[in-house]
Each structure stands twice: as C-alpha cells, then as structure tokens.
Amino acid sequence: MKYKTRLLPYDNKSALEAAEYLKYGELVAIPTETVYGLAANALNENAVRNIFTAKGRPQDNPLIVHISSMKMLQSLVKEIPETAKRLAERFWGGPLTMIFPKSDAVPSVTSGGLDTVAVRMPSNKAACEIIKKCGFPLAAPSANLSGKPSPTTAKRVFEDMNGRIPLIIDGGECDVGVESTVICFRENRIHILRPGAVTVEMLSEFAETEVDSAVLNGLKKGEKALSPGMKYKHYSPKAEVYIINAHGENFRKYCTHRISTERSVLALGAGIREEGGFLDYGKSPEIQAKRLFEMLRRADELGAKTVLVEIPERTGVGLAVYNRLLRAAAFRIIEV
Ligand code: TXA
Ligand code: MG
C-alpha cells in the first residue's frame, strides 16, 4: 500500500486538490460521463508511466487524452480532418474519442509507441473543471485494474485502486456506463474501433461509417489490432460469463434449468423480475449500458461461478453493450 487513498465528493475545493496532485505528477481517479478515469498529466512521461503500473496495464496499450478546449487539441495533433471538426462541434463534450496523427508534444508512453493519439473532450462537469484547473490535458484509461469491468461509481474505483493512488473524486454514478466510442478516419470514411454512446446511426449522418471487424469478432491468430486495446481480455468478472441467444420464456426456461441443476449460477435478463437467481440488467440499451459493468461486479460479490446473460439488442448503444459482453464472455454464445 503506497498511499492512504482518500475519496472526496466533487466540489470546487476537491477539484483544486485534484489539480494540485496532477501538477505534481500524481494520479487521481476522476468521474466522466462514460466511466471513471485514472488520470495523469498526459504530457508528463513519468506520471503516465504510473498509470500503467497502478492498473497493471500492458505498455503497448495507448491511452485516451482528455481535453477541455479546442485549443488544447491543436497542441496535441498534426492535423485535424474536416470531418473531425464537424464531429467535435456536434459531439464534444461527450463520449466520442477521435484518433489523430500526434504532435511531438505527446510523449510516446501516452500513445503506446504509436504515431497517433486518441483525444476526447468529456461533458462531465467535474472532469472538465479538473482539466481546466490543471491547464494541461489528462491521459485517462478506465480506473479499473486491467482486465476487470470498468468502474461506474467511485466505490468500485476504490475497490480496485485503494492504496495505489492518493485521491478519488466522487462524482456519483456515470451517466452512460460504457466507455466512449473510438473512431479513426480512413480517407473520407469514419471507422469505428470501439462502439459507444455516440452510435453508428449518429455518425452515419456525417460521413460513410464502418465498424471494425474486431468489434464483433475476436482477432484471428496473427492479425494485428488497429486499436491495441482490442486484443486483451477485458471486462471480466471472476465468474465465467456466457451470452445466451434467447429471449423471454426461452431464456427463462433455459436459465431456470441451469440454476436448479448446477451450483452458483446467476442469470442476467433484459427487463425481467429479479427472483430465484435472476437479476435484471435493464430493458433499453441505454439502461443496459449504464448497468452492465456494475452487474458483472455484483455477480462476483454474490459468489457466482457462472453468469448467463440474455443477448442484448445490437442497435444504438446496444452495439457497445454487446461488444463489451462478447469480451467479458470470451466470445462464448450459447444457442438455445
Ligand atoms: O470513455 C472512455 O473512453 C474512458 C474514460 C475514462 O474517458 N476511457 C477509456 O480508456 O476507456 P481505456 O484506456 O480503457 O481505453 C482506450 C481505448 C483502448 O482500446 C485503446 O487501445 C484505444 O482506446 N486507443 C487509444 N489510443 C489509440 C490510438 N492511438 N490508436 C488506436 N486505438 C487507440
Ligand atoms: Mg479500459
């Protein structure tokens, strides 16, 4: 235990204290509208290195740089495509991360050795205020231990980061619940590397939009990930997760059988009554996004060995829910 980790509710005073730590190259966990982030000065190599240590994150997995103004963006990148400008106007601050050719100001630890940098401007008030008070951009991955479900409350951050960082700012439950949409540009097309709350449908209004094949399929052996984060095991609780391709009565029947014949089985259904081993992760894609990671952590707390999850809708933010679930389940889908 390197630190006695403090948890402070967000206000002007705690935001000032957070900025103070960050200026000294320390790490602070901060709320964003997507999930909690583990922040460091993106331009300070040593500070950024501490992120990888605290999370146990592979060094070649690049970080997202969080900004509070378009002026900050200009210092980080070599050029800004026209489409990116229009997307920034529409979706920033908000859960959209765009990848640009990086400027020399961005250290190579931050970009995982790549010559590009991922940038987003959050909408969360606490996040924006802290970045403004720092005056420099913040590199921030999700504030979980590498491999675990991303934290959507300060309490979950504390469970993972207690003793590893000096300060967690509590901004309440995250609005969106899944990480930002990550895109890059290919000629005039938008290429989605990670789906999120800024959806395919929304992006399609701006330019031709395509979804990277790794979003719904695992990488084939030897295939190189465009987004290095895609190649790692992700979002996994201790329990074994399976996606069940069934709805309504079929889902209930299948799960009831497994719950009654095996030990420590839990079922996560979409808009169901919570009884006898069944938990509800919400009916709409928006609620599912908000609850998914929390429900996976809760399954562990309840001692589940197996978690059976009803397959979500794949439209809108549902695509992001499905993408995270596929990784939590190591791509195991049971046809019923
Ligand atoms: O919503 C979010 O994006 C949250 C909050 C804290 O802002 N952050 C987050 O960071 O999810 P992280 O580190 O857990 O995920 C970043 C993803 C990884 O999959 C990483 O590989 C990808 O973005 N990424 C970062 N820089 C990249 C780059 N230059 N090229 C391709 N992919 C990149
Ligand atoms: Mg993450």
Side-chain angles (χ1 to χ4, degrees), residues 1-8 18 21-22 25-32 34-40 42 46-64 66 97 109-110 112 118 127 138-171 173-174 176-180 182 194 196 225 227-241 289-305 307 320 323-330:
M1 297 272 273
K2 194 171 166 206
Y3 295 97
K4 179 153 180 16
T5 305
R6 287 185 307 147
L7 217 168
L8 298 177
Y21 273 114
L22 291 160
E26 299 275 1
L27 306 184
V28 178
I30 62 169
T32 85
T34 56
V35 301
Y36 275 74
L38 183 59
N46 285 327
V48 172
R49 253 186 224 110
N50 291 335
I51 292 181
F52 290 91
T53 315
K55 269 185 70 98
R57 181 181 176 106
Q59 295 279 350
D60 66 344
N61 194 0
L63 305 171
I64 293 173
H66 298 67
T97 296
V109 261
T110 303
L138 296 178
S142 48
N144 50 289
L145 289 174
S146 202
K148 291 239 279 171
S150 300
T152 54
T153 63
K155 173 174 168 269
R156 295 304 188 189
V157 178
F158 188 82
E159 286 170 9
D160 281 15
M161 290 300 147
N162 184 21
R164 294 169 182 261
I165 59 174
L167 180 61
I168 300 167
I169 301 294
D170 186 349
E173 193 192 349
C174 298
V176 176
V178 291
E179 306 85 346
S180 61
V182 178
R194 180 176 74 181
S227 184
M230 301 244 207
K231 69 185 176 202
Y232 297 110
K233 192 170 183 211
H234 252 117
Y235 317 119
S236 332
K238 291 190 204 91
E240 297 288 325
V241 178
K290 201 163 171 155
R291 280 197 203 158
L292 178 68
F293 289 141
E294 177 59 25
M295 296 306 276
L296 291 178
R297 283 183 180 246
R298 202 171 296 167
D300 273 347
E301 277 173 353
L302 293 169
K305 292 215 160 41
V307 183
N323 167 267
R324 306 311 190 270
L325 254 182
L326 275 173
R327 278 153 182 81

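Residue numbers start at 1 and run along the sequence shown. Heavy atoms only: backbone and side chains are in, while hydrogens, waters and symmetry mates are out. Being a predicted model, the structure only gives us computed values, none of them experimental.
Proximity of a side-chain donor or acceptor of Lys2 to a complementary backbone N or O of Ile165 within less than 3.5 Å is not detected. Of the possible polar contacts, none joining the Lys290 side chain to the Glu173 backbone as a donor-acceptor pair under 3.5 Å is found. Side-chain atoms of His66 come within 3.5 Å of backbone atoms of Leu138 as a donor-acceptor pair (strictly under, hydrogens ignored). Side-chain atoms of Arg291 do not come within 3.5 Å of backbone N or O of Gly177 as any donor-acceptor pair. Asn144 places no side-chain N or O within 3.5 Å of a backbone atom of Pro151 that could act as its donor or acceptor partner.
The line from CG of Asp300 to NZ of Lys148 is 7.0 Å long, rounded to the nearest 0.5 Å. Atom CG of Leu7 is separated from atom CE of Met161 by 13.0 Å, given to the nearest 0.5 angstrom. Between Tyr3 atom OH and Glu26 atom CD the span is 3.5 Å, to the nearest 0.5 Å. Atoms OG and CD, on Ser142 and Glu179 in that order, are 5.5 Å from each other to the nearest 0.5 Å. How far CG of Leu38 is from CD1 of Ile30: 9.5 Å, rounded to the nearest 0.5 Å.
A heavy-atom distance below 4.5 Å is found between the side chains of Leu63 and Arg57. Considering only heavy atoms from C-beta on, Leu292 comes within 4.5 Å of Leu325 through its side chain. A heavy-atom distance below 4.5 Å is found between the side chains of Arg164 and Leu145. For the pair Val178 and Thr34, the minimum side-chain heavy-atom distance is 4.5 Å or more. A 4.5 Å side-chain heavy-atom check between Lys55 and Pro141 finds at least one atom pair inside the cut-off. Within the 4.5 Å cutoff, no side-chain heavy atoms of Thr152 are placed close to those of Tyr36. When side chains are defined from C-beta on, Arg6 does not count as touching Ile168, because their heavy atoms never get closer than 4.5 Å. With contacts defined as side-chain heavy-atom distances shorter than 4.5 Å, the pair Cys174/Pro31 does not qualify.
Of all heavy-atom pairs spanning Thr5 and Phe158, the tightest one is O-CE1, 3.8 Å. Of all heavy-atom pairs between Ala239 and Ala304, the closest is CB-O, 3.3 Å. When every heavy atom of Gly25 is checked against every heavy atom of Ala47, the shortest pair comes out as O-CB, 3.5 Å. Taking each heavy atom of Ala139 and Ala42 in turn, the nearest pair found is N-CB, 3.5 Å. Residues Val28 and Ala18 come closest through the heavy atom pair CG2-O, 3.8 Å. Minimum heavy-atom separation, Ala40 to Leu22: CA-CD2, 3.8 Å.
No donor-acceptor contact under 3.5 angstrom links the side chains of Arg194 and Thr97, judged on distance only.
Between Arg156 and Glu294 there is a salt bridge, since at least one side-chain N of the basic residue sits less than 4.0 Å from a carboxylate O of the acidic one. Using a 4.0 Å cut-off between a side-chain N of Lys or Arg and a carboxylate O of Asp or Glu, Arg297 and Glu301 do not qualify as a salt bridge.
Residues forming a side-chain hydrogen bond (donor to acceptor under 3.5 Å, both in side chains) with Arg49 (at least two apart in sequence, or on another chain): Glu45, Asn46.
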